[in-house]
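Because the structure is a prediction, the values reported are computed rather than measured. Start at 1 and go down the list; that is how both ligands and their atoms are numbered.
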Amino acid sequence: MTWTPDSWRTFDALQQPVYSDQSAVEEVTKKLADRPPLVFAGEARSLTEDLARVSRGEAFLLQAGDCAESFDSSADSIRDRLKVILQMAIVLTYSAGVPVVKVGRIAGQFAKPRSSDVETKDGTELPSFRGHIVNDIGFSESERAADPGRLMEAYHSSAATLNLLRAFTKGGYADLNQVQAWNQQHAAASPVGQRYAALAEEIQRALRFMQACGVSTVDEESLHQVDFYTSHEALVLPYEQALTRQDSISGDWYDCSAHMLWCGERTRQLDGAHIEFLRGINNPLGCKVGPTATVDDVLAICDTLNPDRIPGRLTLISRVGADAVTETLPPLLSAVADAEHPVVWVTDPMHGNTYTAEGGKKTRHFDAILREIDGFFEAHRQAGTVAGGIHLELTGEDVTECLGGNVNSDDELARRYETMCDPRLNASQSLDLAFEVSELIRQRGER
Ligand code: PEP
Ligand code: CO
């Protein structure tokens, strides 16, 4: 079947907002289709090349950010999310000795799939919150109504966030000489903050040593800038279609809402609209792989999303849970390897380990997260394949949403529980994790 940006419309599209005024949606998406692209085809192609290196074990992917991004993100909160990702990347690069490909769940991560269409509170039933691109988190009829104007707001909010990220990553803030300044004030005094400070000092000493030896570190661009890519779940298809453009150089189609788009666990049906849409765009793609995915499912996803077996094109993000990972994953890894599909395998240790704590807060335990990552590396050891990266939900702030590390009791969860959707790692939990993962990557290299 031939693909067009709107060919998904003849397939079943799950998890779509229900708008009361369809003509308003058409009006907004028509305007969006005229707006400038947010990212560019050449950038998406660079990410594919970087991910190809990950698929060969020459680099490691760190994909991280909010579960559900807010239209109200302050400049400080965006900067702090970038900071913690840069910190983690430097820990992984320095301790494990591999280049890290940095991809944010940011500048467009506004749409959430939900397990129920409705939420009931005190006897009142309203539509579920589906992310700021659809409706608002407040519990009233007007806030929960799907508003087409939010599609345009998502575009503008993405543009503003991306603008700030581009300034930070290319304009001096991400300079290696700033490595000490990325330490978050609230985390700097903690043991892991101090461990980071010591590592930053070592890096600075190494830079001074190179200069003293006469190696010019001034002109070396890679020391002063970083490549930072954006990604989100491609969920609300009219929005993604409106941002899809034909590249003037190659004639290929790209969804210019983000560098990388992924398909969620709830919308990865092979005969569904999301897979249909994604197969035709040339951005690097992700697809979540949950505990029910069979070998046949995974091979069919590979054949559909990457029929030409282009390295870096497809990242499979497994999220099977800490208990299942060493049993569930190895057969999938072997089958994909035997079929000679050059995928990037990444672990999302968050979504298979969510539970409700005493007191009713949705949480995840740091130890379970670590256990799934450990099991992921172990599964790859068994299958002889490459453990390519991690996919995390985190924030740079001092929130208390996940247990473990510096959050020790169910009671403490209430202190700063701010997520609009799933519980995120805070800055020191994230840093802690980076040190643990760098050890696992080091072992991967020693095999
Ligand atoms: C997510 O990544 O926030 C998400 C909803 O994940 P999944 O599709 O794996 O459940
Ligand atoms: Co989530």
Around atom 4 (C) of ligand 1, find the nearest protein heavy atom and jot down its residue, atom name and distance. His351 NE2, 3.4 Å
Do any nitrogen or oxygen atoms of Arg266 come within less than 3.5 Å of a nitrogen or oxygen of ligand 1? yes
Is Tyr155 close to Leu243 at the side-chain level, that is, under 4.5 Å between some pair of heavy atoms? yes
For Arg105, which part has a heavy atom under 4.0 Å from ligand 1: side chain, backbone, both, or neither? side chain
Who's the nearest protein heavy-atom neighbour of atom 8 (O) of ligand 1, and how far? Glu265 N, 2.9 Å
Taking atom types as modelled, find out whether Thr124 and Asp122 have a side-chain donor-acceptor pair closer than 3.5 angstrom. no
Proximity of Pro113 to ligand 1 by residue part, where a heavy atom lies under 4.0 Å: side chain
The single option from Leu61, Ile317, Thr315, Leu329 passing side-chain contact (heavy atoms from CB on, under 4.5 Å) against Trp345: Leu329
Quick note on ligand 1: atoms under 4.0 Å from a heavy atom of Cys67 include exactly 3 (O)
From Cys67, does some N, O or S atom reach closer than 2.8 Å to the Co ion (ligand 2)? yes
Shortest reach to atom 7 (P) of ligand 1 by a heavy atom, considering only Glu393, Gln109, Lys288: Lys288
Rounded to the nearest 0.5 Å, how far does CG of Leu82 lie from OG1 of Thr161? 11.5 Å
Test item: side-chain donor near acceptor, His232 and Glu240, under 3.5 Å: yes
Within 6.0 Å of CD in Glu418, more than 12 heavy atoms from elsewhere: yes
Under 4.0 Å from a heavy atom of Gly264: give me the atoms of ligand 1 that qualify, with their elements. 8 (O)
In terms of residue, atom name and distance, what is the protein heavy atom nearest to atom 3 (O) of ligand 1? Lys112 NZ, 2.7 Å
Report yes or no: do Thr294 and Asp297 form a side-chain donor-acceptor pair below 3.5 Å? yes
Does any part of the side chain of Glu153, heavy atoms only, come nearer than 4.5 Å to the side chain of Phe110, both counted from C-beta? no
Considering only non-hydrogen protein atoms, determine which one is nearest to atom 9 (O) of ligand 1 and report residue, atom name and distance to 0.1 Å. Arg319 NE, 2.7 Å
What angle, in degrees and rounded to 10°, do you get at the Co ion (ligand 2) when you join it to OE2 of Glu393 and to OD2 of Asp422? 140°
